[in-house]
Protein chains: 2
Amino acid sequence: MPAPRIAKIDQSKLRENVYYALRDAFTRGEFAPGDIVSLRILSDQLGTSMTPVREAVRRLVAEGALIDTPSRTLMVPPFDSNRMQDLKKARLALESLVLEQAMDRISADKIDEMEAILAAEPRGGDTTPDLQQNYDFHFALYRQSGSEVLLPLVEALWLQYGAYLNLIIHHQDAGKIDQHKHHNEIIHALRQGDRAAAQRALAADIERSFQVIASDGGQRVSR
Amino acid sequence: MPAPRIAKIDQSKLRENVYYALRDAFTRGEFAPGDIVSLRILSDQLGTSMTPVREAVRRLVAEGALIDTPSRTLMVPPFDSNRMQDLKKARLALESLVLEQAMDRISADKIDEMEAILAAEPRGGDTTPDLQQNYDFHFALYRQSGSEVLLPLVEALWLQYGAYLNLIIHHQDAGKIDQHKHHNEIIHALRQGDRAAAQRALAADIERSFQVIASDGGQRVSR
DNA sequence: TCGCCGTTATCTGTGATATTTGATCGTAGG
DNA sequence: CCTACGATCAAATATCACAGATAACGGCGA
């Protein structure tokens, strides 16, 4: 089994922290589709006992980021082209809806904040896309929808999508990805209040996210 | 604390069973918004130890059916009008999408099966709406979408909606609810392949679901 | 006598650990 | 080469120990 890099966590509010540590590891693409994860190894790496890890893992299973195999071992869902298409459809539909609600309420200040996120220094070097920035940008927007129901659903989709990030990061064309173009279009459309343009730009951005791995599936790249 | 009726469960595959037992209790409207639930009491009722209950409960929290209060006690989310509106919007959007995909693939056989569900004997007596039938009908349809991504999201919405079922069941107008009309319209539209009509009927059915409790909120009715 | 406040006892979830169960993998024997 | 047995490992449950919160109870003051 590969050993994803997960930093040890501090000992207060263990359960929450374990969950977010694992969640972060997912959104950073530390886990590759098909990876087997073990509660013991995770708890050793995190410096805690199995109990908090198990609860966090159970939550991740509920959210679809991990699956229970029939033999009870935990696995990152293997690459599945159909499922990925499904995921893309779901993202397009849900995030379109959330964007709609966000545009009803967003203020000029918040648009400025979103632009500030784009202006920040890239954290991952120039060769890999800045996943954290991408995440921050989208959710700064989505949070403006004010929907406590839809937002967790979108987060669940991103978490499932997270396993595919590993494939993207290690893909040979990773450096070519240009997320800035669509992001700037979204900002511009928000300023204009142009709903159709914002929807188009967001849809294009989501399509882009899947484009790199759409053709060649299942190239498992562990650390 | 009220004592929701939860049957003891058999001892194999405990974790799954505990989860589904609690889930069922939710969809039967056994829990009222604002109820406090205790791990120990639940595990006593189910005849197991706390551990499996804890994991099941943790999953329900992740799905929004229960919430953690700041003092760490578990609570059924209290009635919240805004949240309910939010939930309705989400259900309308997501179930519309799922219906769309289901209509691409559904066969005449499956439509017959759905009709058979409607023809079955009502289980709850004539005064209360048959919640199980309603659930079975909708998900027989949604399963035809074949979407492993969207279906769990819809289930999560129904679970959050479940807490409000308690309010509906004990509502004075509960007997007046006529779910058959919209269901038959859906069946008819499916047979005709009339997408617009199916969408209209489904939307009307969802609206109906919320109508009873839309006006008077928070009438807490425990057992 | 009534009301307020502090103390205490109980009940809560949380984290850790031990025990049991089940599955997998390697090896030895046919 | 295939099969079957056993050792090993991981997950599932139960039990234990701890810390925090809640609520009830009793004493004190008005």
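Here is how names work: the chains are called A, B, and so on, in the same order as the sequence lines, proteins then strands, and each is numbered from 1.
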Between the protein and nucleotides 9-11 of chain D, which nitrogen or oxygen pairs are less than 3.5 angstrom apart?
unit_1, atom_1, unit_2, atom_2, d
D:dA11, OP1, A:Leu39, N, 3.3
D:dA11, N7, A:Arg40, NH2, 3.1

message = Using whole Å, what does the distance between atom P of nucleotide C:dG13 and atom CD of B:Glu55 come to?
response =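 Going from CD in B:Glu55 over to P in C:dG13 covers 15 Å.
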Euclidean distance, atom CG of residue B:Asp44 to atom P of C:dG13 [Å, nearest integer] = 11 Å
Sidechain N-carboxylate O distance under 4.0 Å for A:Glu55, A:Arg59 = no
query = Ion pair present between B:Arg23 and B:Glu155, side-chain N to carboxylate O less than 4.0 angstrom?
reply =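 Yes, this pair counts.
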inquiry  = Which label fits B:Tyr135 and B:Trp158: parallel for a plane angle under 30°, tilted from 30 to 60°, or perpendicular past 60°?
reply    = perpendicular
ask   = Among all residues two or more places apart in sequence or in another chain, which pass the side chain to side chain contact (heavy atoms under 4.5 Å, CB included) test with B:Asp24?
value =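 Partners of B:Asp24 under the side chain to side chain contact (heavy atoms under 4.5 Å, CB included) test: B:Thr27, B:Arg28.
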Review item, side-chain donor-acceptor pairs of residues 110-118 of chain A, under 3.5 Å, at least two apart:
unit_1, atom_1, unit_2, atom_2, d
A:Asp112, OD1, A:Arg191, NH2, 2.6
A:Glu115, OE1, A:Arg191, NH1, 3.4
A:Glu115, OE1, A:Arg191, NH2, 3.0

query = Going by modelled atom types, is there a donor-acceptor pair between the base of D:dA14 and the side chain of B:Thr51 at under 3.5 Å?
reply = yes
